[in-house]
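To start, the structure itself, in structure tokens.
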Number of protein chains: 2
Amino acid sequence: MSRRTRSDSSLQGIPEATIARLPLYVRALYALADRDIASVSSEELAAAAGVNSAKLRKDLSHLGSYGTRGVGYDVDYLIYQVSRELGLTQDWPVVIVGAGNLGRALANYGGFASRGFRVAALLDADPLVIGSVIAGHRVRAADEIERVVADSRVMIGAITVPAIAAQGICDRLVAAGVTSILNFAPVVLNVPDGVDVRKVDLSIELQILAFHAQRRSVVQVLHRGERDAGVPAGNGISGRTGRALALNGDGQVAAEAVGT
Amino acid sequence: MSRRTRSDSSLQGIPEATIARLPLYVRALYALADRDIASVSSEELAAAAGVNSAKLRKDLSHLGSYGTRGVGYDVDYLIYQVSRELGLTQDWPVVIVGAGNLGRALANYGGFASRGFRVAALLDADPLVIGSVIAGHRVRAADEIERVVADSRVMIGAITVPAIAAQGICDRLVAAGVTSILNFAPVVLNVPDGVDVRKVDLSIELQILAFHAQRRSVVQVLHRGERDAGVPAGNGISGRTGRALALNGDGQVAAEAVGT
DNA sequence: CCGACTTTGTGCAAACGTTCACAAGGGCGT
DNA sequence: ACGCCCTTGTGAACGTTTGCACAAAGTCGG
């Protein structure tokens, strides 16, 4: 036993999938707390977070035994425990590089300040933008990256610059000592070991949506086709899938023709 | 065999994980095409996309056999095949509800128009914003959701309104016939079966980063602690983890004291 | 104080995803 | 035409994640 007070499981090995869901639980818990709900069952909390209750219980069990059998979880207590596990009980200064639309959105983002994150500085390379005030922050020159990181003990950087500039900014952030990077630019960043990069990509999410939407159309059309004995209908669901049909009716052969 | 011209694998069952990576490959392929590279090996493409080459090959194998052994993949041909699979060869009108910072960022997003997505309309509820022009679109009233969806055959909606308003907008989009929703608001949306929701959450990504950053700090501090024979050092790495230490040195007991 | 009821925490099996390692297959030099 | 060499496509092993189903453990009414 010795000095291992921490719940054993938490130091080594909370599954990545679990970690990705913890923020969901924190948010759902805060919503409950706002409604003055003091206690919640795994079933209710799971519903509020949009997951399955067995998964929720298993996730929480990785942090420790914070529930009471027959009763549920104490909302405030669980908020504290999950927040602590995520590191939200401490203060995280973040530097945002790129004061374009996304950088501004981020600086103005409400969930930002409310969970321990604080905008240490908002930087940009454009002389026209430098000096203007956005979300209460005077935009500073991108040249000041190193100074800002050092002065404010920044450990997290958000990159919201155009794709072409992202790797350069990333290199400077890393050189200045930033070890966690949130990348909004649509490029794959190269970083040394020990630096953690997560990316948020609007375009990728849209493309995934498009895939499923297309698949729904195709399936509908195929069902219709089977019923109609194999002749692809010229007009699927109210005309929306016109081009999809042209491509998917015999995609393979069309592809061969185009590609080779 | 009959009428199953499509590559067998593609109609039912491309793994979700594969689909999530296809946009990455498309992007990397376009970057290669821009540099006039006509052919690429799985090793090179994997490096460009930031994945392992075996994974890339397996992913592509789900779409069909589009490579040439001993040579690699034809860049243009592969772009076409992957794009078609994702549904990017057709036109996707998107309605953006919420013309705040995020909505504007989205409307201005370059990767938006370039991959078959088109802003059908940009809506907002604020009378001060309605009528202004953003990214070439005159902002229209949020009341017009139904009309816009019907007139432009919109199948994808992006929700960039405050959390409190998101569910209402979502309901109206769904009622109007939208079946794919990209949600930027930090809430869990309730939708009927058959509607596909994806969420992008800046705050969640930050929290995951914070978790890993904290874990790095804690590990460092613990190593230091072991070396120093068990007494938690008052100051971990250059003072940055002051509060983390207070919490993690004996987190369990501190938690009990606070929580109950 | 006890027994019925509720809900947590978890062993287990199935589904899913990743990685290795190599056979199959195609180009290219001779 | 042949054989070498290179790279794809994939079977098989491994690891991770999910979900079921239930024992363990607590509350609460009588």
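Naming: A, B, ... by sequence-line order, numbering from 1 per chain.
Summarising the geometry, the separation between NZ on Lys55(B) and C1' on dG9(D) is reported as 17 Å, rounded to the nearest angstrom. To the nearest angstrom, P of dT8(C) lies 13 Å from OH of Tyr25(A). Separating the CG atom of Asp59(B) from the P atom of dT10(D) is a distance of 13 Å, rounded to the nearest angstrom. dT7(D) atom P lies 16 Å from atom CG of Asp74(B), rounded to whole Å. Going from atom CD of Glu16(A) over to atom P of dT16(D) covers 11 Å, rounded to whole Å. Atoms OH (Tyr73(B)) and P (dC6(D)) sit 18 Å apart, rounded to a whole Å.
For Lys58(B), whose side chain is taken as the heavy atoms from C-beta onward, the closest listed nucleotide among dG9(C), dA24(C), dG11(D) is dG11(D). For Ser65(B), the listed nucleotide lying nearest its side chain is dG9(D); candidates were dT19(C), dG9(D), dG9(C). Here dG26(D) is the nucleotide among dG26(D), dT8(D), dT19(C) with the atom lying nearest to any side-chain atom of Thr68(A). The side chain of Arg57(A) lies closest to dC22(D) when the candidates are dA25(D), dG9(D), dC22(D).
With Asp171(A) contributing its side chain and Ala175(A) its backbone, the two residues share no donor-acceptor pair below 3.5 Å.
Note that the CG atom of Leu182(B) and the CG atom of Leu202(A) stand 7.5 Å from one another [nearest 0.5 Å].
Both Ser41(A) and Thr18(B) sit near DNA chain C, but only Ser41(A) has its closest nucleotide nearer the 5' end.
Only at 4.0 angstrom or more do the heavy atoms of residues 186-201 of chain B sit from any atom of DNA chain C, so none qualifies.
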